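No experiment lies behind these values; they were computed from the predicted model shown. The basis for the numbers below is simple: all heavy atoms, side chains too, and nothing from hydrogens, waters or symmetry mates.
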Amino acid sequence: MSKNDQILIDQIIKQEHKNYADYKTEDSFFEFYSSSQLLRNYDLSYDEIEDGICGTSLDGGADSIYLFVNGDLINEDSEIEDNYKRNAVIELIITQSKNEKSFREDVILKLVKLSKNLLDLEFKAERFKGRYNDVVLSKFQTFKETYLQLITKKPKLKVKYFYASKGVDVHPNVQAQIDELKSDVSEILTESEVTFQTVGATELLEIYRKKENEVFSLKLAETPLSSQGKVFISLVRLSDFNRFITDDDGNIIRNIFEANVRDYQGKSNVNLDIKSTLETKDSKEDFWWLNNGVTILADDVSAPGGKELIIHNPEIVNGLQTSTELYRFFASEKSHDDDRSLLVRVIVPENEESRDKIIRATNSQTPIPKASLRATDAIHRDIEDYFKPRGLFYDRRKNFYKNDGKKPADIVSLPFLAQCVMAITMQKPDFARARPSTLLEDNSSYEKLYNKTNDVKAYYIAALLGKKIESFIRSKDDLTTSDKNNIKFYIAYAVATKLTDNKYPGFRALSNIEPKDITQESIQDSFEKVLDLYNTMGGGDKLAKGQEMIAQLKALFPEKTTG
């Protein structure tokens, strides 16, 4: 049967590749595909998956690298110290993908060398320039800084390796190299948990066949109360709610937590109180007496059997802290039965505006990061509505359109649109490159970027331009992944400046551009201009994130009044 598995996964890869035209070869697509499959439980967007891919040269045997703290993806500009408290879980994930029907020793040997060189906490990136590319060095630098920032808070460190291919059997010599790698890393990072998983044709096929469960059953402790519309309120036994939020392997299902309000607050006073209440089983007070409960939004809900709810596409929009502490409590307990109850509200909103009001209202008393609730602002609904009939899908609800089967080339994430608009209308491609995770945090910048007086067409033009540039530079095989990331927002600024005949293109000028104006020729011309300047000035991340390059680029364009 294993040979059949190889035939089937081979056909799946070929068919999936047809939907991703930006990947010229099946080998390059396999890197993206395998990473997206291996990290399904982390609920990453297409952009986040792509950002972890290391490039085709000088990768040291690592095709992609991802860093998580408590399940949150960490980028080079992520705030660490203040966001995570004691006992945080740090996961460094390194993948290698080979579009071939075997597992090879030389792949493991490269990972051994890479790990010995870059997991050493004394490693300095400049020592390995020219040996490893900038993406690899940046990923390991971010890991080092994150681990050191949290070290006094006693984090739990996990280093996970995945080797994906269409192979079936792992030769004993390959397994011996894997065992040596795990041993070596355990000696370098003495308190780490090191795992290595080979993922072959059979495993890839199993992952592919495992469809997301869109319809959930929630067992109730009592017959639910129901008001007008589809609204149910009921008590749920703690152990039953834990089953609702975990998969068959006992892992928390991250994609049922509303993407924009799921920031776990760590060891806050509130969470310590929840933890204490859970651990005090002999209390006379039931858990729900001392806890505000959980709010779930859904596309549909029914109670066919009385003490059960059938919930379509549930999103937990309030109660993340409670849910996470419950999950941790049951994960550490041998018994998974608990007769105490939790108050649960399940609501089917009448429309998107109602949904957003519920999210804001139910989170008003919880300290949520500024950027987390931005997507509920009316302007983001307007942008989404404007994009859709024009073939772009604004993913203000993270992974909504990914789960709906839309192609990556047609999905525009919140951070990506913010980067494009920042680069063009505020003439700050440097800031867009340097601070991708935090653009929505600053109130002053946010009010300029998303003022209600801005023409919604300008956002569409900025996104369309950004997407066309991404597709264009992906085909440039002579450029490294790092260089592509460094120049793309400068190209967006340059194209907008060229098309508006204005070196300070604002929202009004941007809205005057028609989609047909964004041609391959206009992008090619700006690409050449930006790349020449980038190379002349020495290139690299530091240049792209600094202010010198944009100043020089502006000087290449004639003066004109702001538009």
Side-chain angles (χ1 to χ4, degrees), residues 2 4-57 59-68 73 91-108 110-111 114-115 133 135-136 139 158-170 174 178 181 195-212 249 251 254-255 399 402-403 405 407-409 411 474 481:
S2 57
N4 283 343
D5 290 346
Q6 287 181 321
I7 294 170
L8 290 172
I9 198 64
D10 212 30
Q11 189 61 29
I12 288 169
I13 298 297
K14 290 183 185 302
Q15 291 181 8
E16 290 284 335
H17 183 213
K18 292 178 182 178
N19 294 324
Y20 298 81
D22 284 349
Y23 289 94
K24 291 196 297 184
T25 67
E26 194 175 298
D27 287 349
S28 62
F29 171 70
F30 187 71
E31 292 181 6
F32 170 81
Y33 176 82
S34 57
S35 291
S36 65
Q37 296 300 297
L38 295 171
L39 279 76
R40 280 178 71 172
N41 288 342
Y42 293 88
D43 199 31
L44 299 182
S45 68
Y46 286 129
D47 285 351
E48 289 170 336
I49 294 166
E50 287 238 10
D51 285 344
I53 295 176
C54 298
T56 56
S57 61
D59 60 16
D63 282 334
S64 63
I65 303 172
Y66 304 89
L67 179 65
F68 300 90
L73 182 66
E91 295 175 275
L92 176 65
I93 297 178
I94 302 170
T95 78
Q96 171 58 264
S97 308
K98 291 292 183 186
N99 186 29
E100 53 194 26
K101 296 177 180 178
S102 64
F103 294 99
R104 300 184 346 225
E105 273 189 81
D106 64 312
V107 170
I108 313 301
K110 286 182 180 179
L111 289 175
L114 175 78
S115 301
N133 66 45
V135 175
V136 171
K139 296 290 184 184
K158 298 181 179 181
V159 182
K160 299 180 178 181
Y161 295 87
F162 291 95
Y163 178 8
S165 81
K166 298 173 185 173
V168 175
D169 299 317
V170 179
V174 175
I178 290 172
L181 169 61
T195 58
F196 194 112
Q197 185 176 349
T198 52
V199 181
T202 301
E203 292 81 9
L204 285 172
L205 197 57
E206 287 175 355
I207 296 171
Y208 178 80
R209 286 170 170 167
K210 189 176 181 181
K211 300 295 184 183
E212 299 292 345
D249 298 322
N251 300 313
R254 288 181 59 81
N255 63 6
N399 284 340
K402 174 187 174 185
N403 296 334
K407 298 176 183 178
I411 297 174
R474 183 173 280 122
T481 300

Next on the checklist: Among residues at least two apart in sequence or on other chains, which ones pass side chain to side chain donor-acceptor pair (under 3.5 Å) with K160?
Outcome noted: Y42, E91

Checklist entry - Which residues satisfy the salt bridge (charged side-chain N to carboxylate O under 4.0 Å, His left out) test with E16, sequence neighbours excluded? => result none

Checklist entry - Under the side chain to side chain donor-acceptor pair (under 3.5 Å) test, which residues partner E206, sequence neighbours left out? => result none

Next on the checklist: Applying side chain to side chain contact (heavy atoms under 4.5 Å, CB included), can you list everything that pairs with L114, at least two apart in sequence or on another chain?
Outcome noted: A62, L111, L118, Y132, V136, F140

Item to check | side chain to side chain donor-acceptor pair (under 3.5 Å) partners for S102, two or more places apart | outcome: none

Checklist entry - Can you name the salt bridge (charged side-chain N to carboxylate O under 4.0 Å, His left out) partners of K110, sequence neighbours left out? => result none

Checklist outcome for this item: F30 meets the ring pair (Phe, Tyr, Trp, His ring centres under 6.0 Å) criterion, sequence neighbours left out, with none

Checklist entry - With sequence neighbours excluded, what pairs up with E48 under the salt bridge (charged side-chain N to carboxylate O under 4.0 Å, His left out) test? => result K398

Checklist entry - Taking only residues two or more places apart in sequence or in another chain, which ones pass side chain to side chain contact (heavy atoms under 4.5 Å, CB included) with E26? => result D10, I13, K14, H17, N99, K166

Next on the checklist: Once side chain to side chain contact (heavy atoms under 4.5 Å, CB included) is applied, do any residues pair with A201, and if so which ones, sequence neighbours excluded?
Outcome noted: D5, Q6, I9

Checklist entry - Which residues pass the side chain to side chain donor-acceptor pair (under 3.5 Å) test with S34, sequence neighbours left out? => result S97

Next on the checklist: Just to verify, what does Y163 make a ring pair (Phe, Tyr, Trp, His ring centres under 6.0 Å) with, not counting sequence neighbours?
Outcome noted: F103

